[in-house]
Amino acid sequence: MAFVFSLLGLDEFYRMTMPERRFERIPAALAGACLPLVLQHGDFRAGMLLLVTLVLASAILLLFRLREMPRMAADIALLWAGYLYVPFLLSHLVLVRALPHGVAWIFILFFVVMCGDSAAFYVGSAIGKHRLYPEVSPKKSIEGALGGLVGSIGGALLARYLFYPELAAGYAVMAALLLGTLGQIGDLFESMIKRSCGVKDSGTIFPGHGGVLDRLDSMLFAAPALYYFACFVSKGCLL
């Protein structure tokens, strides 16, 4: 699943940011999406090797695929940024899966993000008056963001009760605040990219809900934090 979502998300990212690079887009997305597969056994050296290979190969590819010279530096930066933004961040879910209680941690992340998104929407729609960051996302409100954090806490406690009762409630609340905050920042970050590219949605794969990146934006920023937080809680896991 991480491979598939990385592939689709990378393709959407390149479609938005580099629409004229059709020839490079597909192989770049395919190669970058392999990162979760390489990391599934926790082999960080293999992951680093793949990243280095991607950087060098894409640099060589663009070197011999010249377009408008003033655009070349931006194209290189966007190609590399896509690798870090989508598969690198998303690969942390694969690393979480390999931890003790890894599946439970992933459910906690899902509950935190989904409950937070739902609470933010309903609270913002009901009482949202103060804009959070209108230059990036005109509809989001401070009230909705705070309601989202409350929803994230509720989601984390529910997931703890259902999937990980051994986890201390205090840790669940800490995870909710950390992941919920980063999830909202990830949402704003993707909105900034879309506004910069002049598009409403990253794709159309989910009718009425946009693309893969529109569904993953919160997860992408929260997944690395989840991995290191779970390492901290499990005590003794190598960071």
Indicate the atoms forming the closest heavy-atom contact of [X] with [Y], along with that distance.
{"X": "Gly82", "Y": "Leu10", "answer": "O-CD2, 3.2 Å"}
{"X": "Gly151", "Y": "Cys115", "answer": "O-CB, 3.3 Å"}
{"X": "Leu182", "Y": "Phe221", "answer": "O-CB, 3.4 Å"}
{"X": "Ser141", "Y": "Gly124", "answer": "OG-CA, 3.7 Å"}
{"X": "Leu39", "Y": "Ser91", "answer": "CD1-CB, 3.6 Å"}
{"X": "Ala104", "Y": "Phe163", "answer": "CB-O, 3.7 Å"}

Check this for me: [X], atom [atom1], are more than 12 non-hydrogen atoms of other residues, nucleotides or ligands nearer than 6.0 Å?
{"X": "Tyr122", "atom1": "OH", "answer": "no"}
{"X": "Glu166", "atom1": "CD", "answer": "yes"}
{"X": "Phe3", "atom1": "CZ", "answer": "yes"}
{"X": "Met72", "atom1": "CE", "answer": "yes"}
{"X": "Tyr161", "atom1": "OH", "answer": "no"}

Enter the distance from [X]:[atom1] to [Y]:[atom2] here, rounded to the nearest 0.5 Å.
{"X": "Leu213", "Y": "Met16", "atom1": "CG", "atom2": "CE", "value": "5.5 Å"}
{"X": "Lys200", "Y": "Lys194", "atom1": "NZ", "atom2": "NZ", "value": "7.5 Å"}
{"X": "Lys140", "Y": "Ser191", "atom1": "NZ", "atom2": "OG", "value": "4.5 Å"}
{"X": "Leu7", "Y": "Leu90", "atom1": "CG", "atom2": "CG", "value": "11.5 Å"}
{"X": "Ile185", "Y": "Thr181", "atom1": "CD1", "atom2": "OG1", "value": "6.5 Å"}
{"X": "Met192", "Y": "Asp187", "atom1": "CE", "atom2": "CG", "value": "12.0 Å"}

Mind checking whether [X] and [Y] sit in one hydrophobic cluster, side chains of I, L, V, M, F, W, Y counted as touching below 4.5 Å?
{"X": "Tyr133", "Y": "Phe121", "value": "no"}
{"X": "Phe229", "Y": "Ile153", "value": "no"}
{"X": "Leu61", "Y": "Phe13", "value": "no"}
{"X": "Phe107", "Y": "Val94", "value": "no"}
{"X": "Leu132", "Y": "Val123", "value": "no"}

Answer yes or no: is there an ion pair linking [X] with [Y], defined by an N-O contact shorter than 4.0 Å?
{"X": "Glu24", "Y": "Arg21", "result": "yes"}
{"X": "Arg65", "Y": "Asp75", "result": "no"}
{"X": "Arg67", "Y": "Glu20", "result": "no"}

Would you say [X] and [Y] make side-chain contact, with heavy atoms under 4.5 Å?
{"X": "Tyr85", "Y": "Leu220", "result": "yes"}
{"X": "Arg97", "Y": "Val103", "result": "yes"}
{"X": "Ile205", "Y": "Leu8", "result": "yes"}
{"X": "Leu35", "Y": "Ser6", "result": "no"}
{"X": "Tyr227", "Y": "Leu93", "result": "no"}
{"X": "Ser137", "Y": "Glu190", "result": "no"}
{"X": "Ile26", "Y": "Tyr14", "result": "no"}
{"X": "Arg160", "Y": "Tyr171", "result": "no"}

| query | Where do Asp117 and Ser218 land on the side-chain contact (heavy atoms from CB on, under 4.5 Å) test, with the steps shown first? | reply | CA-CA 9 Å; Asp117 284 349; Ser218 299; 4.0 Å; yes
| said: Is there a ring-ring contact (aromatic ring centres under 6.0 Å, His included) between Phe88 and Tyr83? Walk through the geometry before answering. | reply: CA-CA 6 Å; Phe88 177 71; Tyr83 296 143; over 10 Å; no
| message | Any side-chain to backbone donor/acceptor pair from Gln184 onto Ala145? Under 3.5 Å, distance only. | response | yes
| message | Between Arg25 and Arg15 (side chain of the first, backbone of the second, donor and acceptor by atom type, cut-off under 3.5 Å), is there such a pair? | response | no
| task | State, without any angle test, whether Asp214 and Ser202 hold a side-chain donor-acceptor pair at a distance under 3.5 Å. | result | yes
| field | Full working for side-chain contact (heavy atoms from CB on, under 4.5 Å) between Phe206 and Val212 | value | CA-CA 8 Å; Phe206 300 114; Val212 169; 4.3 Å; yes
| Which is it for Phe5 and Arg215 under the side-chain contact (heavy atoms from CB on, under 4.5 Å) test, yes or no, and what are the steps along the way? | CA-CA 10 Å; Phe5 284 126; Arg215 301 298 94 202; over 6 Å; no
| said: Could you walk me through whether Trp80 and Leu54 satisfy the side-chain contact (heavy atoms from CB on, under 4.5 Å) test, starting with their C-alpha distance in whole Å, then the side-chain angles of each, then the deciding distance to 0.1 Å, before giving a yes or no? | reply: CA-CA 8 Å; Trp80 292 350; Leu54 289 173; over 6 Å; no
